[in-house]
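Side chains are part of it too, since the values below use all heavy atoms of this structure and drop only hydrogens, waters and symmetry mates. Letters A, B, ... are given to chains in the order of the sequence lines, protein chains preceding strands, and every chain is numbered from 1.
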Amino acid sequence: MAILVNKDTQVIVQGITGREGANHTKAMREFGTQVVAGVTPGKGGAVHEGLPVYNSVAEATSKHQVDCSIIFVPPPGAADAVLEAAHAGIPLIVLITEGVPTVDMMRAVQEVKALNAVNLSSGGKGIRLIGGNCPGLVSSGECKIGIMPNKIYSSKGRIGLMSRSGTLTYEAAKLLVDAGLGTSTTVGIGGDPIIGTTFADVLPLFEADPDTDAIVLIGEIGGADEEAAADYIQNHMKKPVVAFISGRSAPKGKRMGHAGAIIMGNVGTPESKLAAFAAANVPVADTMPEIIEMIKKIVG
Amino acid sequence: MAILVNKDTQVIVQGITGREGANHTKAMREFGTQVVAGVTPGKGGAVHEGLPVYNSVAEATSKHQVDCSIIFVPPPGAADAVLEAAHAGIPLIVLITEGVPTVDMMRAVQEVKALNAVNLSSGGKGIRLIGGNCPGLVSSGECKIGIMPNKIYSSKGRIGLMSRSGTLTYEAAKLLVDAGLGTSTTVGIGGDPIIGTTFADVLPLFEADPDTDAIVLIGEIGGADEEAAADYIQNHMKKPVVAFISGRSAPKGKRMGHAGAIIMGNVGTPESKLAAFAAANVPVADTMPEIIEMIKKIVG
Amino acid sequence: MKLHEYQGKELLRRFGVNVQDGKIAYTPDEVRGIAQEFGQAVVVKAQVHVGGRGKAGGVKFSTTPDKAYENAQKILGMDIKGLTVKKVLVTKAVDIDKGVEYYVGLIVDRNVQSYTLMACAEGGMEIEELAVERPEAIIRHRIDPITGLRPFEARAVALKAGFKGNLNKIATMMVQLSKACLELDCNLAEINPLFVDENGDPIALDAKVDLDDNALYRHQDLMHFRELEAEHPLEIEASNYGFAYVKLDGNVGVLGNGAGIVMTSLDVVNRAGAKPANFLDIGGGAKAEIVFNAIKLVSKDSDVKAIFINIFGGITRADEVAKGVIQALHEGILTKPVRMRIAGTAEEEAKALLAEVNSPLIQMYATMFEAADAAALEANK
Amino acid sequence: MKLHEYQGKELLRRFGVNVQDGKIAYTPDEVRGIAQEFGQAVVVKAQVHVGGRGKAGGVKFSTTPDKAYENAQKILGMDIKGLTVKKVLVTKAVDIDKGVEYYVGLIVDRNVQSYTLMACAEGGMEIEELAVERPEAIIRHRIDPITGLRPFEARAVALKAGFKGNLNKIATMMVQLSKACLELDCNLAEINPLFVDENGDPIALDAKVDLDDNALYRHQDLMHFRELEAEHPLEIEASNYGFAYVKLDGNVGVLGNGAGIVMTSLDVVNRAGAKPANFLDIGGGAKAEIVFNAIKLVSKDSDVKAIFINIFGGITRADEVAKGVIQALHEGILTKPVRMRIAGTAEEEAKALLAEVNSPLIQMYATMFEAADAAALEANK
């Protein structure tokens, strides 16, 4: 079953008629993902690659069972697309778009969390945002909702993988596959300063998943997501976790690209992250291949 | 016991060092209200009429048991004062200030309602705003949190009174006292377009109050508060209600002073209000003295 | 504060709303000049603070500068519902036949404790009439006053209302209207008609904006929009005194302390068989001088034949009211009969003061009904 | 986009923040003129995009116009951390001894998924240092990004931080700072020092503002603040290509596809015993032309002795990367050894293309470690 998405997950694509939206819709369907419809305001009624296009998410949900929406809407409308999906009650929203203004993301994330609380308290499944600026998520061999290369996720494994970086995720997944391990579900949480789902949010899902034996966490310098994850692991996790932190040699106070990887004060330094993982008994790999060695030791 | 406030209610005054705040603090204490402190940002540490003055509501609540706050802060800071009290968890907030911008009130009312929901769901007493632009409320002979004349509320009666208008409230209360009936609690809900508590919010409190036998509702043209009250009465009330509607001869489409009494479309007309009360079997008095006749008939 | 169309458009344009080019003119010559400058058909529109100017002939399509001059001659100086047209807005005309007309508006709605966005595919009509006749034709949507209207909500409203055209651009215009309301503190902001041209682009052909007087203190830059000559002179004077005053069409001047008591006073005057000449709320805690000013104001209204004063004194002292009335009498301002009821604090002192003066022009009664009856009797003499 | 102090102050002033009068000058003569005009003591402040200008002698109090001229001579042309001072801000001086200096700032804080307001009674110090040394001295408060900071919250923060002075005015300045952040999309907005004078009034003596590049599209009016000459020339070129580029102080040029992989590449270069000369993320799905531009860019850096390319091809095709490298070689741009790892899609095609060219300058390795080792070896030769 893996976590969050599986072969039964029905997906809509917001921004399906754009170049990225169209290309990745094709790739997701090739992977086996059940894409049921697209949404592009103003293009309702069209048919795109055999899929119906609607003017609004609400129109799509009135016609289809929708478990998830993936968003390729350009930055100016991306946060609005998230809110549209959240207000339509879609339980899982994956924002791929890179370059969304930070303030838009702050507001969207806060509102999605409020809607999630209301939804849960009225007996719903909750509403979760993953991303933005993320590669999406994939349950190997079942369902890909994202932009990662199909082939490294074709066969199921039992390692849960989560990462702030896109390309490092692929790299890790490939190493796991090549080592004969493979991934259960891979979640790219996104590299922006403000994201909907953090490592600590994903960990309990992996902990509860019977198809995941161990977890690989690919972190970065900056922020305190890794520290929060270490704290959660220490207090709540039984399954083993192996971590990797990229950017450990990056100079202080420099913003490294879109990653938002900037070190402020004593928060987000490699030292604080290493200390947190040490306290949680989480081994930290120095290199990507070392991740595999460590995981192999654990899962035998 | 009456409703909302009684002899045990401990009150703070926001804006205690202003002219209105100071005068009415004096009058409230003469009435017998337990005013425990005042709040004026920047004047913390002062003593005013023997009462301690704090810089913030939070400071006051850390030193005193506070059940209610009454606000005399001038319009530009009035909504902020409401939010300060609400975030400090004060269960009853009475906004006297007249002339608060409508947008400020919209935002404050929405936020107080959200805080109320959160507070209730975590086992609290809730957070209620009364007003703005209201005379406050008074449980006769026990506690006055407002600006109404003391003497007409000195002795307890068993009629609940609520009103959108200040002076008409006093007029009705006096008529009730003169008729040997008197009021249990009087609630001036305020005449502004956007207010914290409506008739329909107060009715269940009177219905549940063992010290109230019947209710007098003083309404106005405009809005649909009276219609909503009629609807509530029809479906939920056992106690008798007598209504009065002022402005029945006012011309359509004219805004009558601060009252916000403006008729739009077919909403808020005297006809719709009369029809709603008729459907709920609520007698509507044509004049103020007729209210007393009707009430006397009911309570014998 | 009600704004003229051209003022409303200027404000909406600040928020990005697409309005046609337009200029204000005070003479037919100016109108001709503007039409020449635009080099295309124009519309000449009376700028007055009343509705229904179209029906009254205050809006005229003009194909040539000479036609525009001619139309301006007709419109300037025209009387629309008692107001003289002193200026016109000259705008580039659109080809109405090549598009559709819709309605969108935001209004403060006490029933939802926020703004309600209203959208209707039948533009150009008076929304009040439509609201009464076919309320179901209007799509209503509550605006969250903290977040404002969001594009996805605006698109949903436009779809539900059946608007055709560029969905995103129309939704954007609604979002801009919502921003304008929240940032400028509008009581009302309407675009009627919202014209959608043959390319699907929305254009605001008219704008009706009314600002919240309570919030004007934070919009000092908008104060120049206020035009004293456009308001009734007594309303200007009242606002200078800080009174809430509305001119009505009867013959009994009405004043009281509090909006509720004044509205009830109007009802009581009606019951007494007369018509109120005004609504005048002098507010709470009124001193003699305030009452004096109120009487001065009401006495200036030539429609007023008698004055009905209805005070319930809680904070207001009856003797202060009496002093104000007596001062007006002594200064020769009070020339019409005053019939009043003053209940509450210091009632006896008030009676004593009036007894001392002993003028037939001033009579005090025990109830508002007796006072109103007496005022009606005087007014209808 | 980092702003100069004078630009930041101009923006904050729009939101009502109280800043002293100030003017920008490019020559000592201009500085003297401004000081004469102000007719009081002034401060001459270097405008450069680096911190620590005070310690570097870039800020000078000047009692007379002649002193100001003299100080400007010293400051203009000065080198601060590698940047030449080309202009100075001349502001009216305040009497520092008659007041107190505080710190307030808002910063995007991923841990609370919003802005955090930081306030500290110890102004004038570098907040980064204080955050490390005595974090408890800084009061932190999450801003609700939908409502923004409200006055009551600002007052609570000011009280908690122990600020003395006019509480309401200080809180208002914080609220204005919060509005500026939310409306202008700031990554950071700091007032340090926030000076409170003997009357208790707050004045922003400095302003550090950094705007979110992702949101600049909606602030076209702020684009003129961008000063290309103030940035590193390679950073300007990179931004024209749409690359995320940061100049570092090593000798190995590093490029990859994705911020995570590039950061890891920096780590790997360090492990190999060399230092990265830059961070360069060419983004996902890169075509040959993009790779060509990236090499052109890195090759211009005279610090670069070797280039390490680290690509994991998911969307990015290895053969496209190879084509870009080969094009650079053929056009004579590639003169330094390139050591690369390209994994993933079309790896074999890439190998074939490189075999055809067969240049010692270009070597491909199976792992990023081997490639990095080889690059380090070349760089350290």
Exercise. Could you walk me through whether B/R128 and B/D201 pass the salt bridge (charged side-chain N to carboxylate O under 4.0 Å, His left out) test, one step at a time?
Key: CA-CA 10 Å; B/R128 182 190 296 275; B/D201 296 325; 5.3 Å; no
Quiz prompt | Worked verdict on C/V321 versus C/N257 for side chain to side chain contact (heavy atoms under 4.5 Å, CB included) | solution = CA-CA 10 Å; C/V321 177; C/N257 60 335; over 6 Å; no
Exercise. Under the side chain to side chain contact (heavy atoms under 4.5 Å, CB included) rule, what do C/L280 and C/V262 come out as? Steps first, then yes or no, please.
Key: CA-CA 7 Å; C/L280 173 54; C/V262 182; 5.6 Å; no
Quiz prompt | Residue pair B/R248, B/D286: steps toward the side chain to side chain contact (heavy atoms under 4.5 Å, CB included) verdict | solution = CA-CA 10 Å; B/R248 284 160 65 178; B/D286 276 345; 3.2 Å; yes
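Using a 4.5 Å cut-off between heavy atoms, B/I218 makes no contact with chain C at all. With a 4.5 angstrom heavy-atom cutoff, C/N270 touches chain B only via side-chain atoms. For C/Y115, the parts sitting under 4.5 Å from any heavy atom of chain B are the backbone and the side chain alike. At a 4.5 Å heavy-atom cutoff, the contact between C/D144 and chain B is made by backbone and side-chain atoms alike. Proximity to chain C (any heavy atom under 4.5 Å) is shown, for B/P76, by both the backbone and the side chain. Using a 4.5 Å cut-off between heavy atoms, C/D185 contacts chain B through both its backbone and its side chain. With a threshold of 4.5 angstrom between heavy atoms, C/C186 does not approach chain B through any atom at all. Heavy atoms of B/N150 lying under 4.5 Å from chain C are absent altogether.
Nearest heavy-atom pair across B/I189 and B/C134 is C-CB, 3.8 Å.
We find the CD1-CD1 distance between B/I71 and B/I130 to be 11.5 Å, quoted to the nearest 0.5 Å.
Test C/L255, C/D281, C/L297 against C/F243 for side-chain contact (heavy atoms from CB on, under 4.5 Å) and you get one pass: C/L297.
The candidate from C/S265, C/P145, C/S114, C/P276 with the greatest count of non-hydrogen atom pairs under 4.5 Å with chain B is C/P145. Ranked by heavy-atom pairs under 4.5 Å with chain C, the list B/S165, B/P135, B/P289, B/S249 is led by B/S249. Of all the listed residues (C/D249, C/D109, C/L182), the one sharing the greatest number of non-hydrogen pairs under 4.5 Å with chain B is C/L182. Contact count against chain C (heavy-atom pairs under 4.5 Å) is highest for B/M106 among B/M106, B/M288, B/M105. For the set B/I194, B/T169, B/V103, B/T167, the entry with the most heavy-atom pairs within less than 4.5 Å of chain C is B/T167.
C/R341 places no side-chain N or O within 3.5 Å of a backbone atom of C/A371 that could act as its donor or acceptor partner.
Taking the six-membered ring for Trp and thresholds of 30 and 60 degrees, B/Y170 and C/F312 have ring planes inclined between 30 and 60 degrees apart.
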